[in-house]
Amino acid sequence: MSVASAIARRVLGLPAPRARRVRAHRRLRVPMRDGVELIADHFAPDLPAAPTVLIRTPYGRGFTLGVLARTIAGQGFHVVTQSCRGTHDSGGVFEPMRHERDDGLDTVAWLRRQPWYSGELCTYGPSYVGFVQWALAAEAGPDLKAMATIVTAADFREPTYAGGSFSLDTVLTWAALLSAQRGPRLANFVELRRGQPRLHRGLAHLPLREADLVATGEEIGFLRDWLSEPGAEYWGHRGHAMRRADVTAPVLMVGGWQDIFLPWQLDDYAALRDAGARPRLTIGPWTHGSFGLARHSIVESVAWFHEFTGDAGAAGADGDARGNGRGRRRAAPARPREAVVRVHLGGADEWWEFDDWPPAGARTRDWYLWPDAGLGAAPPGPAGPPTRFRYDPADPTPAVGGPRLAANVAGRRDNRALEARPDVVTFTSAPLDRPVTAVGPVAATVHVRAGGEHFDVFVRLCDVTPDGRSWNVCDGLVRVTPDRFPPDGDGVRAVHVDLWPTAHRFLAGHRVRVQVSGGAHPRFARNTGTGEPLATATRLRPVDIEVRTDARYPSALHLTELPYRCRYGVGRSTSPRQAPVSRPRASM
């Protein structure tokens, strides 16, 4: 084993290697059905009949991925890393999501022709590297023994247009990352050292159809396509949600409470459960790019692969160490023993285990917004003045932390400066006399009357500590148009906002806070207030918004809570790999 992979194994916390030696075979040519060749590296352990882990990526096969692949190979797997079409040194043109099904299946067919291939395949990867797993999963056949899908989703359309808006920060930042891979290394290093000023100018630029030129100096075709808001035909060829029920391989899902894909990853989980599958789900206190996520997901994925493949290195009964469909290797279980959900409980720093998600026994409780900026269980009185604010797209309400692509701007943040802005209104409970444990979906119904027909409603749930710091827990945004959330005779609209789900304990003495504002830029593209097309809008129109908090229009947060009288286990840990899990036990 190399020094780098030995260090990586220790940093990650992986067990001692099973292989004594791993050989790397570089730049293997893998033919696709249309004649394009994709380039791959193969890391081969000195073990007969070892299963194969396939990692298909658009991010290149550089030093970091090479060390990771060699480290996983040392755990008893052949590891194949392949550059997606049109990226790094692979042939063809990269069109996100379009070719991943065919290219993935052609790669599996190539694997079957290799003398070292045992017939047992696993797939691994986060984000887009997880999406490509979904692309081949339904049709990979019995070879596919296990999948490890990390902070990803089977379909990227809904995350792109989250809440009916446009996930500007995610899309443009990702496009700039892919563009930077093709550019000069020195120029990219300077841009990063300067804090990516070109990217920030692109995020602030209008019209959005020019943002790619401002941020990267080049036109990016897929970004311009997405800004034109193509319909079902375009996205139908680029998503795999419709085929989730056909996936028979055991699926591991690892997500983060502050991850950009979490709601849609949980949709994938629900779809598999509805189809009778039993995936395993872990959700930790992680953002999309956090090191803790990477560390945990690798360790759990390796254990997952071992669970559903035969013993690495075990020769078949007929002496065929190569396998490839002929060795009589020990049969692996077809599915996990049970559905297991492990989640990190924020505010308490505990890991809990459930049999399903959302957990049984959780109940929805309404927290009503009061006209005096209060928040509580009692519905508001029959009369009370609305709470007003003005959203100005020329000075858009900024995004502070939360689920964002880049780890340095994502996650939990103190929101006091944001809440001091006049375009953010807050509703806060009295100090809690006992803990409130929220575990499950979170939503809000906000009754609003606005001075325009085009605006956004952003809702955020915060945990306010006794010293006054306001920490974001989860949030969500919805775009309002004339045909969405139509007004009643008084011009009031009942706007339903789905927030990110959560698992969080508000401790005694803390306060629960709800923010309401008109945006979170650049995480979501600003609403210009004019109804002009997303790609070409340039005119900016402020909108005055009233939040109604009276008996006729009772705005409320809908929080999924576990009953207070339930008893809980006491095991606590900051490492889900090492410590016991706190498992709720009903006692009511």
Side-chain angles (χ1 to χ4, degrees), residues 56-60 62 83-88 90 92-100 125-132 135 151-153 155-162 165-185 187-192 194-230 234-235 237-239 259-261 264 287-289 399 402-410 520-526 533-537:
R56 303 190 62 248
T57 174
Y59 306 120
S83 291
C84 293
R85 176 182 295 250
T87 67
H88 198 50
S90 283
V93 177
F94 181 61
E95 299 178 63
M97 300 170 283
R98 180 178 177 184
H99 298 285
E100 304 305 351
S127 197
Y128 193 90
V129 189
F131 171 86
V132 301
V151 290
T152 192
D155 194 309
F156 280 1
R157 183 189 184 279
E158 292 303 315
T160 299
Y161 304 104
S165 180
F166 185 74
S167 299
L168 176 62
D169 177 66
T170 293
V171 174
L172 187 58
T173 302
W174 188 62
L177 169 66
L178 294 172
S179 176
Q181 292 180 168
R182 301 188 298 270
R185 291 187 179 182
N188 294 331
F189 176 77
V190 172
E191 172 75 3
L192 286 170
R194 294 174 60 199
Q196 296 183 285
R198 293 174 61 188
L199 173 60
H200 292 299
R201 287 196 297 270
L203 292 169
H205 184 79
L206 291 176
L208 288 178
R209 69 178 180 185
E210 299 172 354
D212 53 358
L213 288 170
V214 175
T216 70
E218 63 178 353
E219 294 185 6
I220 298 175
F222 74 82
L223 174 57
R224 296 190 171 206
D225 287 343
W226 297 356
L227 285 169
S228 68
E229 300 179 89
Y234 177 94
W235 288 100
H237 295 294
R238 292 166 169 81
D259 177 56
I260 57 176
F261 289 119
W264 302 280
T287 65
H288 193 74
R404 297 182 65 178
L405 184 64
N408 64 317
V409 294
H521 186 268
R523 178 176 158 199
F524 302 99
R526 79 188 86 187
L534 176 69
T536 58

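Keep in mind that the numbers below use all heavy atoms, side chains included, and drop hydrogens, waters and symmetry copies. No experiment lies behind these values; they were computed from the predicted model shown.
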request  = Dump the intermediate steps for side-chain contact (heavy atoms from CB on, under 4.5 Å) on D259 and T287, then the final yes or no.
outcome  = CA-CA 5 Å; D259 177 56; T287 65; over 6 Å; no
query = Can we call the ring centroids of F222 and W174 under 6.0 Å apart?
reply = yes
query = Is E218 salt-bridged to R182, cutoff N-O under 4.0 Å?
reply = yes
key: With sequence neighbours excluded, residues passing side-chain hydrogen bond (donor to acceptor under 3.5 Å, both in side chains) with S90   = none
query = Side-chain contact, heavy-atom cut-off 4.5 Å: P96 with R238?
reply = no
query = If we only count heavy atoms from C-beta on, is the R523 to P403 side-chain gap below 4.5 Å?
reply = yes
ask   = Do P522 and R404 have side-chain heavy atoms sitting under 4.5 Å apart?
value = yes
ask   = Quick one: are the ring centres of F131 and F156 less than 6.0 Å apart?
value = yes
message = A side-chain contact here means heavy atoms from C-beta on lying under 4.5 Å apart; do L227 and P533 qualify?
response = no
key: Distance-only donor-acceptor check, side chains E210 and H205, under 3.5 Å   = yes
message = Looking at R209, I want to see if its CZ is surrounded by more than 12 non-hydrogen atoms of other residues, nucleotides or ligands under 6.0 Å.
response = no
Close side-chain approach of F261 to H288, heavy-atom, < 4.5 Å = yes
task = Evaluate the criterion side-chain contact (heavy atoms from CB on, under 4.5 Å) for residue pair Y161 and F166; output intermediate values, then yes/no.
result = CA-CA 4 Å; Y161 304 104; F166 185 74; 3.7 Å; yes
message = Between D212 and V214, is there a side-chain heavy-atom distance shorter than 4.5 Å?
response = no
message = Suppose we call two aromatic rings close when their centres sit under 6.0 Å apart. Are Y59 and Y128 close by that rule?
response = no
request  = Indicate, with yes or no, if the rings of F94 and H99 have centres closer together than 6.0 Å.
outcome  = no
